[in-house]
2 protein chains.
Amino acid sequence: MIERKTLKDIANDLKLSISTVSKSLSDSYEISESTKKIVKEYAEKHNYVPNKVARTLKTGKTNTIGVIVFNISNTFISQILEGIHKGSQDEKYDIIIMQSRDSIQLEKHAIEVLSMRGIDGLLISPVAFNSNYQQLKDLQDSGIPVVLFDRVNHDLQTHKVGVENQVSAYEATEHLLNSGRKNILHITGKNIGVAEDRLLGFKKCLKDHGLDFDPNLYLECDYSKHDEIEDSIICKLNYLKKTGNMVNAIFGATDDITTLTLGVLAGMNIKVPEEISVIGFSNIRIPNSLNPSLSTVVQPTEEIGLVAFSKLIELVQSKYPVEEFETIELKTKLIPRKSSTL
Amino acid sequence: MIERKTLKDIANDLKLSISTVSKSLSDSYEISESTKKIVKEYAEKHNYVPNKVARTLKTGKTNTIGVIVFNISNTFISQILEGIHKGSQDEKYDIIIMQSRDSIQLEKHAIEVLSMRGIDGLLISPVAFNSNYQQLKDLQDSGIPVVLFDRVNHDLQTHKVGVENQVSAYEATEHLLNSGRKNILHITGKNIGVAEDRLLGFKKCLKDHGLDFDPNLYLECDYSKHDEIEDSIICKLNYLKKTGNMVNAIFGATDDITTLTLGVLAGMNIKVPEEISVIGFSNIRIPNSLNPSLSTVVQPTEEIGLVAFSKLIELVQSKYPVEEFETIELKTKLIPRKSSTL
DNA sequence: TTGTATGCGTTATCAT
DNA sequence: ATGATAACGCATACAA
């Protein structure tokens, strides 16, 4: 077992003082070139690694950013994380990722763990509207900036980075209507911070096309009970069938819901798009050819991550408290495929 | 801006000593119940959060595990991370994830960053055979245990957690052969730690069926140049076509390669499985119905993560240096679909 | 039962 | 140009 060298060790070995060694390694102008050279070479040779923990304790800066998402293995999320990661590498920040699994309790716990451990800033896609508002506010007040991404429907005053939910939903809906499908079931997540605007866009589009929104053609799934989503979709479809109100299109408001819906339809032996067209927010990355039955609203996930990260760093590095916050809405891309264009 | 309270602050406010406060909060037997009560209530009220950085500096334990993977947004990897995360939550460990992007240089950097920051252990899926051997060895020697997962073909002496690569490849190959496809192109990654065994299984199966391995029907892609993989596949297929040696099946040795191959085939307008059957290692989670053309070898990703994590924690928490290491090979599942069963 | 003092490895301030 | 020393927040051995 080899112990790691500290400044003290090097100082002893070289018969120098700790501060001389420290300054040499940080290339201070106070130290002579010759001494610097000796110290640096010695450090290199014994591969000295500075203890970041000690440095953090001293400087108060952790060079770490906390990220809270509901599930890292979700395609959409992992693409955003990719963007965050890219940003972090340029800026020499480390990233600690925690999962909320769409539970307010776990989200709270994640915030606590991160705040204990010490972070310079927090990126969060909150579980629900105003979830853990007070904790996030306290964090901000203690000097740790917070930036919201993806699910930005939250009262916290800060930068928010998401997509044009309303517009995107409007366009997707219009696409369905234009292909002749007028009975559209809207499936969404309960209280998840993007649902509201997407529903608004959906409704607005119907209205603009002279159609009424039918509350029966609306299903809200509980994300915190993820396992039950499929069942509730099946249930809804069966109910509609039984009441002679079967739809000819489905609008999936999130990545998860869209994918699950397709699975359910396949399981029920309902042909897509012949019987039911499907359009949905989705970022699954598979070749078009593999996935002919799904028209998608694609979000610029990596960009969301990158932008959110850089807005956060802006706050972290700003010398004075920031008062003016931005809400950034990135554009999405509508990709029509066979599922909605018979 | 509200400052966070420290032990010192509480001690001052309560006219107690720092150590009394410290001991109270850790429920020491030395402190009277009444004092403990006062301190705890005060701490709770001002929501005191212990400074983990300081604690780490003192105790030497970070309660953090480093994880190095080549790409977090890869489906396969993110599923493994999910498993690691699950394990870590039970054990109260935090996870720091770094990406190597299949570059030995970046992998080295990741190891350095993690070791600077302080971790109690490292989980790594190495870039290549013996990549950064010395750094990992040094880490081990300095008392930070390392566990390898996924790509376990590496000389480092430690626990290794992967799947039965040889057996899985054998079975997948046999599946192709049994469906009558004998001209199989094997596409794999160069030097990535799972390739070798999968190729061995492939060859063995051919041999057992009285077939020779044709070096022309073999393509090795360079993962560190990810963007070029598609081109090299296209190139290979064109070459085979030109030389009148066209295959009727493809074996994809990794998740990425398999997906890319399908994209390429679609782009070239080659019908799957009519013209070319495809079977591959793949963990993309989409309903069967969406993905009828791909037979897969599915790996127990979450289990890989969980097992790797628990083996690491075993090392982290063991009082004495461990000498006996295990190589764990989990079972995979072959899922035949239309792509290989005309 | 409570308090004092020390050190973890840095950085930074102030001598020399 | 180099060195001595204090401080970051906590845990802990030891003193009272």
Side-chain angles (χ1 to χ4, degrees), chain A residues 2-40 42-43 46-64 115-120 142-144, chain B residues 2-40 42-43 46-64 112-113 115-120 142-144:
Chain A
I2 298 162
E3 292 296 332
R4 256 167 58 169
K5 294 247 175 213
T6 68
L7 287 186
K8 196 191 204 171
D9 296 330
I10 298 182
N12 280 338
D13 297 352
L14 258 39
K15 311 274 178 242
L16 288 170
S17 74
I18 296 184
S19 39
T20 304
V21 175
S22 171
K23 286 170 185 166
S24 298
L25 290 175
S26 55
D27 220 8
S28 162
Y29 66 95
E30 298 176 84
I31 306 295
S32 73
E33 286 305 324
S34 56
T35 309
K36 280 201 243 182
K37 185 151 176 265
I38 294 169
V39 172
K40 282 181 182 172
Y42 189 86
H46 294 76
N47 55 87
Y48 163 76
V49 188
N51 182 324
K52 210 169 175 176
V53 176
R55 180 185 287 161
T56 292
L57 184 58
K58 182 66 188 173
T59 63
K61 285 295 159 199
T62 61
N63 267 269
T64 302
S115 114
M116 256 179 67
R117 148 170 295 282
I119 50 175
D120 294 346
S142 73
I144 311 291
Chain B
I2 299 162
E3 293 295 332
R4 255 167 58 170
K5 294 247 176 214
T6 67
L7 286 187
K8 195 190 201 171
D9 297 330
I10 299 182
N12 279 337
D13 297 352
L14 258 38
K15 312 272 177 244
L16 287 170
S17 74
I18 297 183
S19 49
T20 304
V21 175
S22 171
K23 286 171 184 167
S24 297
L25 290 174
S26 53
D27 219 9
S28 163
Y29 66 95
E30 300 173 81
I31 307 296
S32 73
E33 285 307 321
S34 55
T35 309
K36 281 199 245 183
K37 185 153 176 263
I38 294 169
V39 173
K40 282 181 182 172
Y42 190 85
H46 294 76
N47 53 86
Y48 163 76
V49 189
N51 183 323
K52 210 170 175 177
V53 176
R55 182 186 284 162
T56 291
L57 186 58
K58 180 68 188 171
T59 62
K61 284 295 159 200
T62 60
N63 267 270
T64 302
E112 264 165 16
V113 168
S115 112
M116 256 178 68
R117 149 170 290 284
I119 49 175
D120 293 347
S142 74
I144 311 292

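Proteins get letters first, then strands, A, B, ... in listed order; numbering begins at 1 in each. Note that the coordinates shown come from a computational prediction; the quantities given were computed from them, not determined experimentally.
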TODO: Would you kindly compare A:Asn51 and B:Tyr29 by the position of their nearest DNA chain C nucleotide and give the one closer to the 5′ end?
DONE: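 Nearest-nucleotide comparison on DNA chain C picks B:Tyr29.
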Open item on the list: Both B:Ser34 and B:Leu57 contact DNA chain C. Taking the nearest nucleotide for each, which residue is further toward the 5' end?
Closed with: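 Nearest-nucleotide comparison on DNA chain C picks B:Ser34.
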For [X] and [N], what is the distance between atoms [atom1] and [atom2] respectively, to the nearest whole Å?
X	N	atom1	atom2	answer
A:Lys5	C:dC8	NZ	P	16 Å
A:Lys61	C:dT10	NZ	P	21 Å
B:Lys52	C:dC8	NZ	C1'	17 Å
B:Leu14	C:dG3	CG	P	10 Å
A:Arg4	C:dG9	CZ	P	10 Å

How close do [X] and [Y] get, counting heavy atoms only, and between which atoms?
X	Y	result
A:Leu7	A:Ile18	CB-CG2, 4.1 Å
B:Val21	B:Ala11	CG2-CA, 3.8 Å
A:Val49	B:Ser115	CG1-OG, 3.8 Å

- [ ] Using atom types as modelled and distance alone, determine if a side-chain donor or acceptor of A:Asp9 lies under 3.5 Å from a backbone N or O of A:Thr6.
- [x]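 Flag set: sc A:Asp9 to bb A:Thr6 pair under 3.5 Å.
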May I ask you to say what [X] touches in the nucleic acid, namely base, sugar-phosphate or nothing, with a heavy-atom cut-off under 4.0 Å?
X	result
A:Lys8	sugar-phosphate
B:Ser22	base
A:Thr56	nothing
B:Ile18	nothing
A:Ser19	base
A:Thr35	sugar-phosphate

Open item on the list: Quick check for you: name the first and last nucleotides of DNA chain D, 5' to 3', having an atom under 4.0 Å from a heavy atom of chain A.
Closed with: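 Under 4.0 Å from chain A, the extent on DNA chain D is D:dA1 to D:dG9.
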Open item on the list: Checking contacts here: which listed nucleotide (C:dT10, C:dT4, C:dC14) is nearest the side-chain heavy atoms of B:Ser17?
Closed with: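 Given the options C:dT10, C:dT4, C:dC14, the side chain of B:Ser17 is closest to C:dT4.
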Open item on the list: I'd like to check A:Ser142 versus B:Glu3 (side-chain heavy atoms, cut-off strictly below 4.5 Å). Are they in contact?
Closed with: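 Answer no - side chains too far apart.
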Open item on the list: Could you check whether the side chain of B:Lys23 and the base of C:dG3 have a donor-acceptor pair of N or O atoms closer than 3.5 Å, going by distance alone?
Closed with: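 Yes, a donor-acceptor pair under 3.5 Å.
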Task: OG on B:Ser24 to CD on B:Glu30, rounded to 0.5 Å - done: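 Those atoms lie 10.0 Å apart.
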Task: A:Lys40: partners by salt bridge (Lys or Arg N to Asp or Glu O under 4.0 Å), with sequence neighbours left out - done: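 Checked A:Lys40 against salt bridge (Lys or Arg N to Asp or Glu O under 4.0 Å); matches are A:Asp27.
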Task: A:Lys36 or B:Lys58, whichever maps to the more 5' nucleotide of DNA chain D - done: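 Mapping each residue to its closest nucleotide by heavy atoms, the 5'-most match is A:Lys36.
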